[in-house]
**Student:** 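Please read through the structure below; I'll follow up with questions.
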2 protein chains.
Amino acid sequence: MLIYSYMAKDLCEIKSIHQTTVRKTIARIQKIDGLDRTAEIFKLMGDMTKLKITCALSLEEMCVCDISHVLNISQSATSHQLRILRGAKLVKYRKEGRIAYYSLSDSHVKNLLSSTIKHAQHRKE
Amino acid sequence: MLIYSYMAKDLCEIKSIHQTTVRKTIARIQKIDGLDRTAEIFKLMGDMTKLKITCALSLEEMCVCDISHVLNISQSATSHQLRILRGAKLVKYRKEGRIAYYSLSDSHVKNLLSSTIKHAQHRKE
DNA sequence: TGAATATATGAGCATATATGCATATATAAA
DNA sequence: TTTATATATGCATATATGCTCATATATTCA
C-alpha cells in the first residue's frame with residue numbers, strides 16, 4: 001500500500017499524512033464495543049429477503065408457510081433464511097404441532113428496523 | 001413451493017395456512033416507504049471494511065491515505081470501498097490539492113450507526 | 001401403519017462482492 | 001517538463017451468498 005516501484009529501496013517507510021488523526025482513530029475504533037455484532041446485524045438485514053422477513057415478523061408472529069407466501073419465495077428458501085436469522089438470534093420460534101411460528105427474538109430488532117427505515121426516508125434529494 | 005409429487009394433479013392449489021395474516025402483511029410491507037434504500041444502507045454497513053470506514057468518518061473527516069492506515073488495508077481497497085459508499089451517498093468528499101477528504105454525507109448515517117451499535121450491545125446473553 | 005403435510009437441510013449452481021494488481025489521472029514540486 | 005505523490009479505476013480472481021432441487025425429519029390423521 002502506498003508503495004511505488006521507485007520506493008522499493010525503503011519498504012519500511014510507510015507514510016500516513018495525518019499520523020495523530022490515524023492513531024487517535026484506531027484507538028477509538030478499537031474501543032467500540034460490539035462492532036462485530038453490529039456488522040453481523042447490518043449484513044443480515046442488508047438482504048431484501050431477510051429484511052422483509054424481519055418486517056413481516058415485526059408485525060406479528062408467522063409460520064414458515066405464510067412467510068414464504070408473503071415474500072413469494074419457496075418454502076425451502078424461506079427456511080434457509082430463517083435458519084440464518086435464528087443462528088444470529090434475530091428471530092426465535094415456537095412449535096405448535098408441525099407448524100413453526102417465528103417471531104423477532106426481542107424488541108431491539110424491531111426498534112432498529114423502524115429507526116433505520118426512518119433514516120432511509122430522510123434521505124436527501 | 002409446498003408442492004409435492006403427489007400434488008402434481010393440482011398445481012394451482014397453493015395453500016397458505018393463515019390467509020388473512022398473509023394478505024394483511026403483504027399490504028403492510030408494500031406500504032413501507034424506502035425499504036429498498038433501507039436494505040441498501042444495511043448491506044453497505046454490513047461489511048466490516050465499510051462499517052469501520054463509516055465509524056472512522058463519524059469522528060472527523062479523513063483522507064484516503066489515513067483511512068487505509070486506520071483499517072490496515074491497501075489504498076486501492078480503500079478507494080474501491082469509498083467509491084461504493086459515495087455511490088450510495090453515504091459519504092461525500094472535498095478535494096484539497098491532491099488530497100481527498102472524505103466525510104459522512106449527513107448526520108443520519110452517524111445517528112444510525114450509534115443507535116445500531118447500542119442495539120448490538122443490548123444483545124441478550 | 002401408512003399417507004399427508006409442515007419444516008429443515010445438504011449439495012450444487014449462479015451471482016455478487018472484496019480485494020489485489022496494474023495502470024490511469026490529477027496535482028504539486030523540482 | 002520531469003518526477004513524486006494522492007487517488008481512482010478496469011480487470012481478474014477468490015470467496016460468500018441466495019436459491020433450487022432433492023430429500024430427510026417430524027407430526028397429524030385416516
Side-chain angles (χ1 to χ4, degrees), chain A residues 1-10 13-18 22 39-40 42-53 61-69 71-88 91-102, chain B residues 1-10 13-18 22 39-40 42-53 61-69 71-88 91-102:
Chain A
M1 84 185 70
L2 296 176
I3 297 170
Y4 302 91
S5 50
Y6 39 79
M7 287 174 63
K9 313 155 198 165
D10 198 354
E13 175 91 5
I14 294 174
K15 315 181 179 182
S16 83
I17 300 180
H18 309 90
V22 170
E40 185 189 20
F42 274 139
K43 174 178 272 175
L44 293 173
M45 311 276 277
D47 171 62
M48 247 320 198
T49 304
K50 297 193 194 72
L51 182 60
K52 280 185 183 170
I53 290 176
E61 70 170 14
M62 294 181 73
C63 70
V64 179
C65 174
D66 289 344
I67 296 172
S68 75
H69 280 86
L71 303 204
N72 197 33
I73 60 175
S74 72
Q75 175 272 323
S76 175
T78 308
S79 192
H80 277 297
Q81 297 296 336
L82 285 170
R83 186 171 130 92
I84 295 169
L85 291 172
R86 246 188 298 141
V91 306
K92 59 179 168 34
Y93 75 107
R94 66 183 181 83
K95 274 257 189 175
E96 197 169 286
R98 39 186 173 181
I99 302 180
Y101 288 95
Y102 279 82
Chain B
M1 83 186 72
L2 296 175
I3 297 169
Y4 301 91
S5 50
Y6 39 78
M7 286 174 68
K9 311 156 201 167
D10 197 354
E13 175 91 8
I14 294 176
K15 314 184 183 182
S16 81
I17 301 179
H18 311 91
V22 170
E40 186 190 19
F42 275 138
K43 174 179 273 176
L44 293 173
M45 312 276 277
D47 171 62
M48 248 316 196
T49 304
K50 297 193 196 70
L51 182 60
K52 280 184 182 170
I53 289 176
E61 69 171 13
M62 293 181 74
C63 70
V64 179
C65 175
D66 288 343
I67 295 172
S68 75
H69 280 87
L71 302 203
N72 197 32
I73 61 175
S74 73
Q75 175 272 323
S76 175
T78 308
S79 193
H80 277 299
Q81 298 295 338
L82 285 169
R83 185 170 132 93
I84 296 168
L85 291 172
R86 245 188 299 142
V91 306
K92 59 178 166 37
Y93 75 107
R94 65 181 181 86
K95 273 257 188 174
E96 197 169 289
R98 40 190 171 180
I99 302 179
Y101 288 96
Y102 280 82

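Lettering of chains follows the sequences in order, A, B, ..., and the numbering in each one begins at 1.
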**Student:** Between atom CE of B:Met45 and atom CE of A:Met45, what is the distance when rounded to the nearest 0.5 Å?
**Tutor:** 13.0 Å
**Student:** Distance check, rounded to the nearest 0.5 Å: A:Leu44 atom CG versus B:Phe42 atom CZ?
**Tutor:** 10.5 Å
**Student:** Is the shortest heavy-atom distance from the side chain of A:Leu51 to the side chain of A:Met48 under 4.5 Å?
**Tutor:** yes
**Student:** In B/S/- notation, 5' to 3', how is nucleotides 14-19 of chain C contacted by protein heavy atoms closer than 4.0 Å?
**Tutor:** ---SSB
**Student:** DNA chain D: A:Ser76 or B:Ile99, which has the more 5' nearest nucleotide?
**Tutor:** B:Ile99
**Student:** Is the distance from OP1 or OP2 of D:dA6 to the nearest side-chain N or O of B:Tyr102 less than 4.0 Å?
**Tutor:** no
**Student:** For A:Leu71, enumerate each residue passing the side-chain contact (heavy atoms from CB on, under 4.5 Å) test, keeping only those at least two apart in sequence or located in another chain.
**Tutor:** A:Thr49, A:Lys52, A:Ile53, A:Ile67, A:Ile73
**Student:** For A:Arg86, what residues pass the side-chain contact (heavy atoms from CB on, under 4.5 Å) criterion, not counting sequence neighbours?
**Tutor:** A:Arg83, A:Val91, A:Tyr93, A:Tyr102
**Student:** So how far is it from A:Gln75 CD to A:His69 NE2, rounded to the nearest 0.5 Å?
**Tutor:** 11.0 Å
**Student:** Using the side-chain contact (heavy atoms from CB on, under 4.5 Å) criterion, which residues pair with B:Lys43? Sequence neighbours excluded.
**Tutor:** none
**Student:** Each nucleotide in nucleotides 25-30 of chain C should get exactly one letter: B, S or -. Can you fill that in based on protein heavy atoms under 4.0 Å?
**Tutor:** --BS--
**Student:** Taking only side-chain nitrogens and oxygens of A:Arg83, does any of them come within less than 4.0 Å of OP1 or OP2 of D:dC19?
**Tutor:** no
**Student:** With a 3.5 Å distance limit and no angle check, can you tell me whether B:Ser68 reaches the backbone of B:Cys65 through a side-chain donor-acceptor pair?
**Tutor:** yes
